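Some notes on the structure that comes next.
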2 protein chains.
Amino acid sequence: MQRKRFNTMSCPIARGLDRVGEWWSMLILRDAFAGMTRFDQFEKSLGIAPAMLTRRLKALVENGLLTKQRYASHPPRDEYRLTARGEDFRPVLLALLAWGNAHFTPEGPQMQIIDAASGEVAEPVLVDARSGRKLQAPDFKLAHGPAATAAMRARLAGGGGLLGWPGVGA
Amino acid sequence: MQRKRFNTMSCPIARGLDRVGEWWSMLILRDAFAGMTRFDQFEKSLGIAPAMLTRRLKALVENGLLTKQRYASHPPRDEYRLTARGEDFRPVLLALLAWGNAHFTPEGPQMQIIDAASGEVAEPVLVDARSGRKLQAPDFKLAHGPAATAAMRARLAGGGGLLGWPGVGA
DNA sequence: CAGATTGACTATCATAATGGTAGTGACTGG
DNA sequence: CCAGTCACTACCATTATGATAGTCAATCTG
């Protein structure tokens, strides 16, 4: 009996979660974005057991989110760096940051995205890059792509819901 | 020895992940956004073991992402619905969707966000709601909030990295 | 109205995954 | 040469997960 994998599902969310959905993975990525590259930096920052960190880093490297590169050979030392695929994960962490700030910081926000020039606190929203409009129903909807399976088409008939239901101001 | 919790960390990403970071939680939320409300709908859609589903739904309800409401008393039947807190999780799933589409669908995208009127495929980006500018360095930076601990302040000195490093076109 | 089915679960139990501690090997700094 | 750093591996005690089976109430089927 293995842990059930999501990578055989056709949904891109499931496919993605299969790579970063374990208990520590996203926090390791967060620290990688914060500039950490070395084993002991992650270890101290997270308070994670070393065996666990080894396993997670290995999985993230295998899934193409991090690279492991030797930066010193005399004492063999490696560093972990984000790949392009890892960099692309950034919006997920930013969305999580905004959600965490909104719901789980009763003391007030610990981290904020601010305008570098004015210092004003930013308010993150997802929009379409070209038109600049907010990604929500009824302007946008979730549709099946060209490679969608029959099950996926059936599931998406009606808008899929992730953008809100048409006519409902979610 | 319990599974290590993240809810005592000061980082909002960690706080958030503490609530939705287990193996099935985000997929259950995905299905809730897709309009599912009933136990057996989740069970069939996910292929999850019923005991596991019970545990996850319970945790999501306890954490305020879903509500459990009785919709029929004669045969006691409950339905699970997203709360406001659950609804706010939407951008995280959309960001995951975009990332999964970009990196883990070699056959081509299964799901796409499209403009309801024109049918064009949308390109999701995170921007500041007021100014409309992309949330990235050097325009924006990650700063500590008013309630930040000393450790958090130290960690964020220099921009934090989540938005890219100043001067680096990440 | 007996029997089958649905819906929403709980119980049980074998395997995995996680967390903690300790130890290893290659240096390095004093 | 002795302590310390770095990046791990080994080992083991707990938890968590996954699979199957069973429960209980009600409703459909014939």
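Values reported hereafter were calculated over all heavy atoms of this structure, with side chains retained and with hydrogens, waters and symmetry mates removed. It should be emphasised that the depicted structure is a prediction, and the values quoted were computed from it without experimental measurement. Note on naming: letters A, B, ... go to the chains in the order of the sequence lines (proteins, then strands), and numbering restarts at 1 for each one.
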Compare side-chain N and O positions of [X] against OP1 and OP2 of [N] and report whether any pair is under 4.0 Å apart.
X     : N      : answer
B:K58 : C:dA8  : no
A:R38 : D:dA7  : yes
A:T54 : D:dT9  : yes
A:K4  : D:dA16 : no

Take atom [atom1] of [X] and atom [atom2] of [N], then tell me their distance rounded to the nearest Å.
X     : N      : atom1 : atom2 : result
A:E79 : D:dA7  : CD    : P     : 10 Å
B:L46 : D:dG18 : CG    : P     : 11 Å
A:E43 : D:dC6  : CD    : C1'   : 9 Å
B:K44 : C:dG7  : NZ    : C1'   : 8 Å
B:M52 : D:dA19 : CE    : C1'   : 13 Å
B:W23 : D:dA19 : CH2   : P     : 13 Å
B:E22 : C:dA16 : CD    : P     : 21 Å
A:F42 : D:dC8  : CZ    : C1'   : 15 Å

How would you label the contact of [X] with the nucleic acid (heavy atoms, under 4.0 Å): base, sugar-phosphate, or nothing?
X     : value
A:R55 : base
B:Y80 : sugar-phosphate
A:R5  : nothing

(message) Among C:dA8, D:dG18, D:dA10, which nucleotide has an atom closest to any side-chain atom of A:A51?
(response)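 Of the candidates, D:dA10 comes closest.
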(request) Would you mind telling me which of D:dA7, D:dG18, C:dC9 lies closest to the side-chain atoms of A:D78? (result) D:dA7
Test item: [X] side-chain N/O and [Y] main-chain N/O as donor-acceptor pair under 3.5 Å:
X     : Y      : value
B:K4  : A:W24  : no
B:T83 : B:G64  : yes
B:R15 : A:F104 : yes

(request) Give the cluster check for A:I114 versus A:L97: same hydrophobic cluster or not, with ILVMFWY residues linked at side-chain heavy-atom distances below 4.5 Å. (result) no
(message) Hydrophobic clustering (ILVMFWY, side-chain heavy atoms < 4.5 Å, transitive) - are B:L156 and B:L162 grouped together?
(response)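 As far as the 4.5 Å side-chain criterion goes, B:L156 and B:L162 are connected within one cluster.
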(request) Report the C-alpha distance between A:D115 and B:R133 in whole Å, list the side-chain angles of each, state the deciding distance to 0.1 Å, and finish with yes or no for salt bridge (Lys or Arg N to Asp or Glu O under 4.0 Å). (result) CA-CA 10 Å; A:D115 188 309; B:R133 286 173 304 156; 2.3 Å; yes
Just the table, please: protein N/O against nucleotides 2-4 of chain D N/O, every pair under 3.5 Å.
none

(message) For A:F39 and B:R56, find the nucleotide of DNA chain D closest to each by heavy atoms; which residue's nucleotide sits nearer the 5' end?
(response)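 It is A:F39, whose closest nucleotide lies nearer the 5' terminus.
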(request) Name the orientation class of the two ring planes belonging to A:F89 and B:W99 (parallel below 30°, tilted from 30 to 60°, perpendicular beyond 60°). (result)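 Geometry flag for B:W99 against A:F89: perpendicular rings.
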(request) Kindly indicate, with the supporting measurements, whether the criterion salt bridge (Lys or Arg N to Asp or Glu O under 4.0 Å) is fulfilled by A:R81 and A:E79. (result) CA-CA 6 Å; A:R81 293 197 169 279; A:E79 62 181 4; 3.1 Å; yes
